[in-house]
Amino acid sequence: MQAKGRTLECWSSEAWHSKRPLLLEAVKSLLDEQNLAVQKAISELIVVMASHCYLIGPSGELFVEYLVRHCALSDQKKYVNESSKVKIGAFCPTELRAICEKGLLLLTITIPEMQHILWPLLLKMIIPRAYTSAAATVCRCISELCRHRSSSSNVMLSECKARDDIPNPEELFARLVVLLHDPLAREQQATQILMIPKMKAYVSDTEDLKLDPSYQETWDDMIINFLAESLDVVQETDWLISLGNAFTEQYVLYTPDDDHSALLHRCLGILLQKVADRNYVCDKIDWMYKQANIAIPTNRLGLAKAMGLVAASHLDAVLEMLKGILDNIGQSLFQRLLSFFSNSYRMEESDDIHAALALMYGYAAKYAPSTVIEARIDALVGTNMLSRLLHVRHHTAKQAVITAIDLLGRAVINAAENGASFPLKKRDQLLDYILTLMGREENDSFADSSIELLHTQALALSACTTLVTVEPKLTIETRNHVMKATLGFFALPNDPIDVVNPLIDNLITLLCAILLTSGEDGRSRADQLLHILRQIDQYVSSPIEYQRRRSCLAVYEMLLKFRTLCVIGYCALGCHGSCTHIKQIDRAVLGNFSNLPSAYVLPSREALCLGNRVIMYLPRCADTDSEVRKISAQILDQLFSISLSLPRPVGSSSGIDLELSYGALSSLEDVIAILRSDASIDPSEVFNRIVSSVCILLTKDELVATLHSCTTAICDRTKQSAEGAIQAVIEFVTKRGNELSETDVSRTTQSLLSAAVHITDKHLRLETLGAISCLAENTNSKIVFNEVLATAGKDIVTKDISRLRGGWPMQDAFHAFSQHAVLSFLFLEHLISALNQTPFIKGDMEKGDYSSHSADTWIDDDILQAAILALTAFFRGGGKVGKKAVEKSYAPVLAALTLQLGSCHGLASSGQHEPLRAILTSFQAFCECVGDLEMRKILARDGEQNDKEKWINLIGDVAGCVSIKRPKEVVVNGQELYLSSNLCSPSCARNSCHVRSCLA
C-alpha cells in the first residue's frame, strides 16, 4: 500500500509530467510481457495513468485495447510468479480478468476525459473473435457511454461514420444478435447486450433458468423471433442484403463446434426468408451448406432449422438444393458394400450427410406454407426418397432421420389445424422406417444399449406418436406391429433414470395416441382400450417394482384419455346440466366428439369388461410400492366413474342401485384423497376400504367375471398382492355369495383350485383353500365339494400325487374342509354319499351297462378313488373338529367303509388290488380316529384275505368289535355287513350295486 501511494504521488508530480512520452513508451514496451504478475501491475498502472490524463491519442487506444484483451482471458491456465522480487503469490487469469473489467468500467464511468478515446473505439472491440469473451464488459461500457452522451447522439453517430476502422451498424447488429445465444454467459452477457424488457426478464434469474431443461431452445427461438420482428420493421432491401452479407462474413468468428455457429445459421435463414431475390437466396443457402460442419450434431441441426426458415418463402429453391445434394451422394448399395473393404469411403461421412439431409427435409416441411406442402410431401414420400436416408448406422444420424420423419408428420398436423387437412401417404411405411431405426443392431449387446440408443428410442416413440395421430386411421395390423415393437420398453432397466423416464413417458403418450385415434364408435374404442390393457397386463403383474409402477401409470393415463371420449356430461341419475354426480371434463380436449350423438360416441358398460379389469388392478392396491397402490386405486376410480357415467341401454335391468353405487364411489375417492395427502396411513386399512367399495360397485355379472378370473391375481408374484386378492375374493363371496348360480359357484371353485395348484408358497395355498372353504360355506357346498373331488380324481389319473413338489394341493383342501367348524360335517356327509354310489368304468358307461339305474347312483371310478383318499385325509388331518364330525356320523361312515371294503375285495379277487389297499388304509385311519385299535388290528391282519370264509370271518370280527364297543350301531349296520359278506366272490362284484339297492 505504501508503494502504491508513492507511485500515485510520482504520477501527480510536475517532474513526471514532462517525462510523459518516455513513460508511455516504457509502459508500451511491457505490453507483450507474458508474466501474469507483470500483466496485473500494468493493468492497474493503465487505470492510474488514465486518471491523470496520460492516455491520449493512439497510445491511449492501445492501452484501452490491452484492458479489453485481458477482459477476454479464459480460466484454463494458472501462473505462478517466481521471478518477482516481491512475492505476491499465485495468480490466475480470472483475477487478472476481474481487475481489467473493473478498470475498464472505472475509465468509462469516472473519468470523463476518457470518453473521447473510448467512443467509438469500443465498437471496434465487439467484432474481433479474440475479444468475444469480453463482449459483456464492452457492451456495458458502451451503454454507460451512451447514457452519458445521449444529448449528443448525432455527434456520436457522425464520429462513428468518420472512421473507416469502425464496423458499420449491420456488422455490429449481426455480431450482437449471435452473441445473445448463451443466456448463462459470464457477466450476464445477454442482459448487457439487450435493451428489450421481455427478453431481459427471461434471462434475469439464471438460477431459475437452469431448472428448465429446454431453456436454451426457448431462448434461441426468442432471439430468432426478435430478429424476424426487427427485419419486418425495417423492410428495406438494401439493408437486408447488407445485413445478410454481414452474417455471411462473420462465419469466420465461430468454430464449427461452437453453438453460436448453429444460431448464426438460423439468423441467416430468417433473413433469407425476408429476401425476395431468388438468386441471392440460392447463392446464400448453397454457401451456408458449404460452410456448415454437418459432422457436429448442433451445427447440423442449426443448418437444418435455417433451411426450414428459408423454405417458408422459398420452398422450391430449398428442395431443389436438397435434391441435388441427395443425387450427388452416390449412395448405391454397391458403393456401400465397397465401403466395408475400402478406406476411400467413410461411413461416418455418409451418415452425416444423410442425417443433415433428413433434418433439412424435415424442417423444410415444418416451416413451409400449409397451402403448398401436400404436393411436396406426397412427392417426397411417394417416390421413396426417404428410404435412401435409412442407410445410417450411428445413433446421432438415426436420431436425425427419425426427427425428420416426425417433422413431416407434424407438418401434416399443422396443415390440418390451418384448414388444409390431407392424409399422409404411406404413413404405415414411415412407421416401419422409424421402428427399423429404433431397433438395436445385430452386433450390439444389451450392455451396449447405451444412452445414445435410449435417446434414439425415445425420439422414435415420439415420432410414432406423431404418425399415429395423422390420417388415415391405423389398421389393426399396423397397431399390433407398433405395439409389439414398443411395449417391451416397459421392461427397460431403471437406470439411467434421467433417460429412461422420458422414454417411458413417450411410450405412454404413444399408447394414449393409439387409443384416441383408433375406432369409429364407443364400442370399437372400448375394444381398443381392452386390447391395449391386456397387452400391458404382463407388466402390471410383474415381480419387478418399477415395471409395475410404469405400467400402472400407463393404464391410468389411458383411462383418463378414454374418459375424455366417453364422459360428455351425462348423469346416470338423470340429472341435466352440471350436477354433483359427475366430474366435469374440459370440453376443449374432446374436439369434434362433443358434436356427435352419445349413442355414437359412448360404449356400453358391458364393453368395458369391468370384472376382468378389476381383478387385474385390485391386487395392486395391496402392492409393496406405495406409488403403485395409489395409482391402482385411481385406476379403479376411473373405471367405475366411466361405467357409471355411461348411459344405460333402453330396457336395461342391471339392478344397479345408483345411489348406493355413487356412495361407494365417493368412499373410494375419499380413500384416494387420503393416499395423496397422508403416506403414513395403514395400507391394510386402505385396502379394506377399497375392497368394500368395489364389492358394492360391481354388478352381478361383473362380480361373477371377477371371481372367474381370480386365478392370475391369486398367483401374483408379489406375495402381498396375492394375499390381497385372496382377501378380496373372500369379501366378495361373504357379502354377495347368495347371488351366485350353481354354474358360477362351479367355475369360481375351478378358478380357486387352479390357483391353489399353481401356488408353491404354503401360506398362500392355505389362504386360497380358506377362500374355497368360504365359498362352500356361503354358497352351495355340494357343488364346491364335487369340483374338489373331480379335480382330485384327475390328479390321481394324470399325476404321481405322492411326489408332487410342495405336497398335493387337494390333500390340503381335504384337511381344510375337515378342520372347518361348519364344513367338516357337510364334507364328511358328502364323502359318505360318494362312497355309497356305484362306481362305473368309462367303457361300461359307453356300452350302456348302467342304463337301468338312475345316474345319481353312479360315480366315476376316479372320483370314487378321490373320495376314499379324502376320507383318509379327513380321518388323519381333521383334528378335534374332524374327529367330532366322525363321531357324530359313526354309523354311516362305518357302513360306507364296510360296503367299499366288500366291493374292493371283489375287485381284488379279479386281480385289482390297489382299490383294496386304499380302502383298507382309509378304514384303518377311521379306526385310529375313533380310537378302535382292536378293529384296526383285525383289518391289518385279515383285510387282504381273498378266501370267502376268511372274508366272512373278517366281517364278523368287525361286527363283533362294533357290538362290544358301540352296541347301538349293530342294528344300524346289519344290512351293510351282511351285504359285504356276500361280495367275496369276483362274479358278484359287478352286481353289488343291484343287491345293495334291493336291500335298501
Side-chain angles (χ1 to χ4, degrees), residues 572 605-606 608-619 621-622 632-633 635-637 639-641 643-644 648 652-669 671 684-714 721-756 767-788 820 822-823 826:
R605 175 166 176 152
E606 289 74 16
L608 298 179
C609 297
L610 278 181
N612 294 326
R613 290 297 93 202
V614 164
I615 198 60
M616 174 53 62
Y617 307 121
L618 191 56
C621 296
S632 300
I635 289 173
L636 294 176
D637 174 53
L639 283 171
F640 287 112
S641 295
S643 63
L644 289 172
R648 285 172 292 165
S652 172
S653 57
S654 60
I656 300 176
D657 187 331
L658 292 177
E659 290 291 352
L660 188 62
S661 295
Y662 276 109
L665 183 62
S666 178
S667 176
L668 179 59
E669 290 174 346
V671 172
S684 61
E685 178 185 347
V686 171
F687 184 73
N688 291 337
R689 293 182 60 178
I690 291 173
V691 171
S692 297
S693 296
V694 170
C695 186
I696 296 171
L697 287 163
L698 289 168
T699 65
K700 190 261 183 183
D701 291 340
E702 292 163 357
L703 173 68
V704 170
T706 299
L707 293 174
H708 290 175
S709 305
C710 68
T711 301
T712 303
I714 294 175
S721 296
E723 292 174 341
I726 297 170
Q727 179 184 338
V729 169
I730 293 174
E731 175 89 358
F732 296 158
V733 168
T734 302
K735 291 187 177 179
R736 300 183 62 179
N738 61 330
E739 300 178 33
L740 302 179
S741 67
E742 291 186 358
T743 303
D744 298 335
V745 174
S746 175
R747 289 188 59 186
T748 302
T749 306
Q750 292 171 11
S751 298
L752 290 170
L753 286 173
S754 177
E767 291 280 333
T768 306
L769 295 175
I772 297 175
S773 299
C774 179
L775 181 66
E777 183 181 359
N778 289 276
T779 59
N780 189 325
S781 60
K782 181 179 179 181
I783 295 174
V784 175
F785 297 152
N786 280 337
E787 289 296 335
V788 172
H820 195 281
V822 177
L823 297 178
L826 296 175

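Only a predicted model underlies this, so the values are computations on that prediction, with no experimental measurement involved. One-based numbering along the sequence shown.
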Peer 1: Are side-chain heavy atoms of Asp637 and Leu665 found at a separation under 4.5 Å?
Peer 2: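 Yes, close enough: below the 4.5 Å cut-off.
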Peer 1: List the atom pairs, donor and acceptor, that lie under 3.5 Å between side-chain atoms in residues 724-734 and the rest of the protein, sequence neighbours left out.
Peer 2:
unit_1 : atom_1 : unit_2 : atom_2 : d
Gln727 : NE2    : Asn688 : OD1    : 2.2
Glu731 : OE2    : Lys735 : NZ     : 2.6
Thr734 : OG1    : Ile730 : O      : 2.6

Peer 1: What closest approach, in Å, do Ala722 and Ile714 show between heavy atoms, and which atom pair accounts for it?
Peer 2: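 Where Ala722 meets Ile714 most closely, the heavy atoms are CB-O, 3.2 Å.
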Peer 1: Keeping the roles fixed (side chain from Ser781, backbone from Glu777), state whether a donor-acceptor pair exists under 3.5 Å.
Peer 2: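 Judged by distance alone, no pair lies under 3.5 Å.
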Peer 1: Considering all heavy atoms of both residues, which atom of Leu636 and which atom of Cys621 are nearest to each other, and what is their separation?
Peer 2: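 Scanning both residues completely, I find the closest heavy atoms to be CD1-SG, 3.7 Å.
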Peer 1: How far does CG of Leu752 sit from CD of Glu787, to the nearest 0.5 angstrom?
Peer 2: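 With rounding to 0.5 Å, CG (Leu752) is 11.0 Å from CD (Glu787).
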Peer 1: So, for Ala633 and Ile690, which heavy atoms are closest and what is the spacing to 0.1 Å?
Peer 2: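 For Ala633 and Ile690, the tightest heavy-atom pair comes out as CB-CD1, 3.9 Å.
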Peer 1: First locate atom OG1 of Thr706, then atom CZ of Arg613, and finally report the distance between them rounded to the nearest 0.5 Å.
Peer 2: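 Atom-to-atom, Thr706:OG1 and Arg613:CZ are 11.0 Å apart.
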Peer 1: With sequence neighbours left out, write down each residue that passes ring pair (Phe, Tyr, Trp, His ring centres under 6.0 Å) with Phe785, or none if nothing qualifies.
Peer 2: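 Here the qualifying residues are Phe817, Phe827, His830.
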Peer 1: What is the minimum heavy-atom distance between Ala705 and Asn612, and which atoms define it?
Peer 2: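 Closest approach of Ala705 to Asn612: O-OD1, 3.8 Å.
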Peer 1: What's the shortest heavy-atom distance between Glu702 and Leu698, and which atoms?
Peer 2: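 Looks like OE1-CA, 3.6 Å.
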Peer 1: Run the numbers on Phe640 and Ser643 for side-chain contact (heavy atoms from CB on, under 4.5 Å), then give the verdict.
Peer 2: CA-CA 5 Å; Phe640 287 112; Ser643 63; 4.0 Å; yes
Peer 1: Hey, which of Asn786, Asn780, Thr779 is the one that makes side chain to side chain contact (heavy atoms under 4.5 Å, CB included) with Ile783?
Peer 2: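 The passing option is Asn780.
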Peer 1: With Glu739, which residues qualify under salt bridge (Lys or Arg N to Asp or Glu O under 4.0 Å), at least two apart?
Peer 2: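 Here the qualifying residues are Arg736.
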Peer 1: Going by side chain to side chain donor-acceptor pair (under 3.5 Å), name the residues that satisfy it together with Ser632, two or more places apart in sequence or in a different chain.
Peer 2: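 Expected list: none.
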Peer 1: Quick one: OG1 on Thr712 to CD1 on Ile615, what's the gap to the nearest 0.5 Å?
Peer 2: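 Atom-to-atom, Thr712:OG1 and Ile615:CD1 are 9.5 Å apart.
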Peer 1: Apply side-chain contact (heavy atoms from CB on, under 4.5 Å) to the pair Leu610 and Leu639, showing each step before the final yes or no.
Peer 2: CA-CA 7 Å; Leu610 278 181; Leu639 283 171; 3.8 Å; yes
Peer 1: Run the side-chain contact (heavy atoms from CB on, under 4.5 Å) test on Leu775 and Leu707 for me, step by step, so that the C-alpha distance in whole Å, both residues' side-chain angles and the decisive distance to 0.1 Å come before the verdict.
Peer 2: CA-CA 11 Å; Leu775 181 66; Leu707 293 174; 5.7 Å; no
Peer 1: Find the distance between CD1 (Ile772) and CD (Gln750) and round it off to the nearest 0.5 Å.
Peer 2: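 Atom-to-atom, Ile772:CD1 and Gln750:CD are 11.0 Å apart.
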Peer 1: To the nearest 0.5 Å, what is the distance between CG on Leu618 and SG on Cys695?
Peer 2: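 Going from the CG atom of Leu618 to the SG atom of Cys695 covers 10.5 Å.
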Peer 1: Quick check: closest heavy atoms across Ser693 and Ser667, and the distance to 0.1 Å?
Peer 2: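 For Ser693 and Ser667, the tightest heavy-atom pair comes out as OG-OG, 3.6 Å.
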Peer 1: Nearest 0.5 Å please: distance from the CG atom of Leu769 over to the SG atom of Cys774.
Peer 2: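 Interatomic distance, Leu769 CG to Cys774 SG, rounded to 0.5 Å: 13.0 Å.
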Peer 1: Would you say Asp744 and His708 make side-chain contact, with heavy atoms under 4.5 Å?
Peer 2: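 Yes. Closest side-chain heavy atoms under 4.5 Å.
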Peer 1: Check side-chain contact (heavy atoms from CB on, under 4.5 Å) between Ser661 and all other residues, then give those that pass, not counting sequence neighbours.
Peer 2: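 Partners of Ser661 under the side-chain contact (heavy atoms from CB on, under 4.5 Å) test: Leu644, Ile656, Leu697.
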Peer 1: Should Arg605 and Thr699 be marked as a side-chain contact (heavy atoms from CB on, under 4.5 Å) after you check the CA-CA gap, both sets of side-chain angles, and the distance that decides it?
Peer 2: CA-CA 10 Å; Arg605 175 166 176 152; Thr699 65; 3.6 Å; yes
Peer 1: Return the set of residues passing side chain to side chain donor-acceptor pair (under 3.5 Å) with Ser692 (not counting sequence neighbours), or none when no residue passes.
Peer 2: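 Testing Ser692 for side chain to side chain donor-acceptor pair (under 3.5 Å), a comparison that skips the adjacent residues, returns none.
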